[in-house]
Amino acid sequence: MIKDFFLYLIKNYEIKEDKYENDFYNLLAIFIKQNTKDANVIKCFNNIKNANINDINSLLLCDDLGQLIKASGFYNTKAKRIKDLCTAIKNDFDSLENFKENASYEWLIKQKGISNESACMILNIFCNKAYLIVDTAILKILKELNYEFENYEDAQNYISNHINNDELYKALNSDDLAYLYLSFYKYMSYFYKNFFSSKQNIIKAKEILKNYEY
C-alpha cells in the first residue's frame, strides 16, 4: 500500500533539506534540479552567483543563462522556461513575494512550458501550498507497486486519498498538508534516485517494494 511504503521511507531514511540563499534561488532550483546530479546543480548556482544574478531583474538582463546552467542538461529549454516564467511574474505580480502569496494553478498552467507537474512543483515547493507533485519517478515506483493511472489528476487524487493519514502526520511531526505532500515527493525522489540508479540497486528496490504491493 502507498501509505505503508511512505511510512517505511520516513522511518528508514533521512532526507536533507535543500537550502538556498533566497526565495529567488529556490524558484530557480525547481527547474535546474530536474534530472540533474547534485554536483551539477552546485556548478550551475556557482555560475549564477558569479554572474551576480540574484533576482528577477538581473536574470532578465542576462543573455547567456543557458550557458550558466549548462551543467544541468537541457539547458536551453530550462533557461527559456525560467526566463518566460520570470517575465510573466514581473508583468502580472510585480514581485516574487506577491507571486509566492497569490500564485494559482490556473495562472501557472497558462504559462509557456509549464506542465501540470511543473505547476504543482512551483506551488508546493516554492509557494508552500497543498499541491501534490506526481513526477515520472513517482509513477515508476508506483507501477512497481502495481498502481497505474490514466492521467495526472487520477494519480494525484488516488495518492492524496491514501497518504492524507493521521499516522503519516504523526511520523512527520506535522499537521500541515502542504508539508505532507512535499515530504512524499522528497522521500519518493530519494528512493528513486538511490535505488533505480543501477541494475544491482533496482533488484534491491524491487525486494523492498514487494512488501508493499497493491
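Hydrophobic clustering of Ile, Leu, Val, Met, Phe, Trp and Tyr side chains at less than 4.5 Å, counting indirect connections, unites Y25 with M121. Put simply, L60 and L65 are part of the same group of oily side chains (I, L, V, M, F, W, Y) that touch within less than 4.5 Å, one to the next. Under the 4.5 Å side-chain heavy-atom criterion for grouping Ile, Leu, Val, Met, Phe, Trp and Tyr, I42 is not connected to I15 through any hydrophobic cluster.
Judged by distance alone, the side chain of E117 and the main-chain N or O of D135 form no donor-acceptor pair under 3.5 Å. In terms of modelled atom types and a separation under 3.5 Å, the side chain of S72 and the main chain of Y75 share no donor-acceptor contact. The closest donor-acceptor contact from the side chain of D64 to the backbone of Q67 lies at 3.5 Å or more, if one exists at all. The main-chain N or O of L209 is never found under 3.5 Å from a side-chain atom of E213 such that the two would form a donor-acceptor pair. Counting only distance, with no hydrogens or angles, the side chain of N124 and the backbone of A178 share a donor-acceptor pair below 3.5 Å. Although no hydrogens or angles enter the test, the distance criterion places no donor-acceptor pair under 3.5 Å between the side chain of N26 and the main chain of F126. At least one donor-acceptor pair closer than 3.5 Å links the side chain of K83 to the backbone N or O of C62.
Y192 is linked by a side-chain hydrogen bond (donor to acceptor under 3.5 Å, both in side chains) to K140, counting only residues two or more places apart in sequence or in another chain. Evaluation of the side-chain hydrogen bond (donor to acceptor under 3.5 Å, both in side chains) rule for S197 yields N201 as partners, not counting sequence neighbours. Looking at residues two or more places apart in sequence or on another chain, you find a side-chain hydrogen bond (donor to acceptor under 3.5 Å, both in side chains) between D38 and K193.
Using modelled atom types and a 3.5 Å distance limit, the side chains of D55 and S58 yield a donor-acceptor pair. A donor-acceptor pair shorter than 3.5 Å cannot be found between the side chains of S189 and K33. Looking only at atom types and distance, the side chain of N116 has a donor-acceptor partner in the side chain of Y105 under 3.5 Å away. A side-chain donor from one of N164 and Y169 sits under 3.5 Å from a side-chain acceptor of the other.
L108 places a side-chain heavy atom less than 4.5 Å from the side chain of F99. K143 has its side chain out of reach of L139: every pair of non-hydrogen atoms, C-beta onward, lies at least 4.5 Å apart. Counting heavy atoms from C-beta outward, W107 and N102 have side chains that stay 4.5 Å or more apart. Considering only heavy atoms from C-beta on, I114 stays 4.5 Å or farther from R81 through its side chain. Side-chain contact check for L96 versus N22: every heavy-atom pair is 4.5 Å or farther apart. Within the 4.5 Å cutoff, the side chain of I125 has heavy atoms near those of the I133 side chain. Within the 4.5 Å cutoff, the side chain of F31 has heavy atoms near those of the L85 side chain.
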key: Full working for side chain to side chain contact (heavy atoms under 4.5 Å, CB included) between L27 and I122   = CA-CA 7 Å; L27 180 62; I122 292 165; 4.3 Å; yes
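To the nearest 0.5 Å, atoms CG (L132) and CG (N157) are separated by 9.0 Å. Rounded to the nearest 0.5 angstrom, I141 CD1 and I208 CD1 are separated by 10.5 Å. The structure places CD1 of I32 at 13.5 Å from CG of N35, a figure rounded to the nearest 0.5 Å. Taking NZ of K78 as the reference point, atom CG of L28 lies at 12.0 Å (rounded to 0.5 Å). Rounded to the nearest 0.5 angstrom, Q111 CD and S118 OG are separated by 12.0 Å. Rounding to the nearest 0.5 angstrom, the gap separating the SG atom in C120 from the OH atom in Y152 is 4.0 Å.
Because its NZ or CZ atom is not both nearer than 6.0 Å to the ring centre of F195 and within 45° of the ring axis, K204 does not count as a cation-pi partner of that residue.
Aromatic ring centres of F5 and Y212 lie closer together than 6.0 Å.
The aromatic rings of Y13 and Y8 lie perpendicular to each other, with more than 60° between the two planes, well past the 30° mark.
Atom CG of D166 has 12 or fewer heavy atoms from other residues, nucleotides or ligands within 6.0 Å. Dense packing is recorded around CG of N151, with more than 12 heavy atoms of other residues, nucleotides or ligands lying under 6.0 Å away.
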